[in-house]
Amino acid sequence: GIQVEQSPPDLILQEGANSTLRCNFSDSVNNLQWFHQNPWGQLINLFYIPSGTKQNGRLSATTVATERYSLLYISSSQTTDSGVYFCAVVANFGNEKLTFGTGTRLTIIP
Amino acid sequence: DGGITQSPKYLFRKEGQNVTLSCEQNLNHDAMYWYRQDPGQGLRLIYYSQIVNDFQKGDIAEGYSVSREKKESFPLTVTSAQKNPTAFYLCASSIHQKGTEAFFGQGTRLTVV
């Protein structure tokens, strides 16, 4: 099946800093989503972005489908940005399931 | 409000007992999914359903069972055959399975005592 790798696994930043999270996938996809898992475990939808670029406030994401990667940018980090960020994809061919990466744990220090 | 509701939020079970986790959605979505998350790990797919009365096994279906008798409901039963059931369980839905955005419920934390 499709493989999804996220980097870095852990990231610790000072409040106000910018960050870039990366998601690499091993096959062509028709769905790519970024989620933020809050301290209570809930998955919050950030972006649905199988290709192209989107922005929502301090967050933006870019997916280059032909090169099989996606980037999530967080600018001017706040402590509320802390948590785990997951990338998930659905492969174009084969089993049509949403496959998750192992996540990036982001900690923002005041 | 439209959304996905999982209940209960916390569940304690004695070893050897079956337990059923509820997942209801009022988004009129066709596809529904169950995932399991262990501490510090990503999400792994247990079962998914594309339409009523149809479902498929995911990567870790052993020890679990599901039903899809109604479009809005997809309950998950954790049976006594599941060797390590303590985990966080998340339910999701999407309009269709392929290429559409999935949304998640708030999860059920199951502890076997």
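Letters A, B, ... mirror the listed sequences (proteins, then strands); counts begin at 1.
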Response to the item:
For residues 58-75 of chain A against chain B, heavy atoms under 4.5 Å, the residues are none

Fill in: Distance-only donor-acceptor check, side chains B/Tyr48 and B/Tyr35, under 3.5 Å
no

Item to complete: Output the residues of residues 10-27 of chain A for which the shortest heavy-atom distance to chain B is under 4.5 Å, in residue-number order; output 'none' if no such residue exists.
Response: none

Discussion item. Using a 3.5 Å distance criterion without hydrogens, assess whether the side chain of B/Asp59 forms a donor-acceptor pair with backbone atoms of B/Arg44.
Written reply: no

Item to complete: Look only at the side chain of B/Glu62 and the backbone of B/Lys83, and say whether a donor-acceptor pair between them is shorter than 3.5 Å.
Response: no

Discussion item. Applying a strict under-4.5 Å side-chain criterion to I, L, V, M, F, W and Y, I'd like to know whether B/Leu76 and B/Ile4 cluster together.
Written reply: no

Worksheet, complete the sentence: Assert top hit (heavy-atom pairs under 4.5 Å, partner chain B, pool A/Gln37, A/Gln42, A/Gln33, A/Arg105) equals A/Gln33

Worksheet entry | side chain to side chain donor-acceptor pair (under 3.5 Å) contacts in which one or both residues fall within residues 16-25 of chain B, not counting sequence neighbours | B/Thr20-B/Thr77, B/Glu24-B/Ser73

Discussion item. Hydrophobic clustering (ILVMFWY, side-chain heavy atoms < 4.5 Å, transitive) - are A/Val4 and A/Phe47 grouped together?
Written reply: yes

Worksheet item: Under the 3.5 angstrom rule, does the side chain of B/Ser93 hit a backbone N or O of B/Met32 as a donor-acceptor pair?
Response: no

Worksheet item: Are there residues of residues 101-113 of chain B that reach to under 4.5 Å of chain A by heavy atoms, and which ones?
Response: B/Glu101, B/Ala102, B/Phe103, B/Phe104, B/Gly105, B/Gln106, B/Arg109

Worksheet item: Taking A/Asp81 for the side chain and A/Gln78 for the main chain, is one N or O donor matched with an acceptor at less than 3.5 Å?
Response: yes

Worksheet item: Is a salt bridge present between B/Asp30 and B/Lys71, judged by a nitrogen-to-oxygen distance below 4.0 Å?
Response: yes

Discussion item. Ring centres under 6.0 Å, that's the criterion: do A/Phe100 and A/Phe35 meet it?
Written reply: yes

Worksheet entry | Connected via hydrophobic side-chain network under 4.5 Å: A/Leu98 and A/Phe86 | yes

Worksheet entry | Check: B/Gln41 main-chain N/O paired with B/Gln37 side-chain donor or acceptor under 3.5 Å | yes

Discussion item. Is it true that B/Ser94 and B/Tyr33 share a donor-acceptor pair across their side chains at a distance under 3.5 Å?
Written reply: yes

Fill in: Top contributor to chain B interface from A/Gly101, A/Gly103, A/Gly41 [non-hydrogen pairs under 4.5 Å]
A/Gly41

Discussion item. Would the distance check show the side chain of A/Lys54 and the main-chain N or O of A/Tyr48 forming a donor-acceptor pair, the cut-off being under 3.5 Å?
Written reply: yes

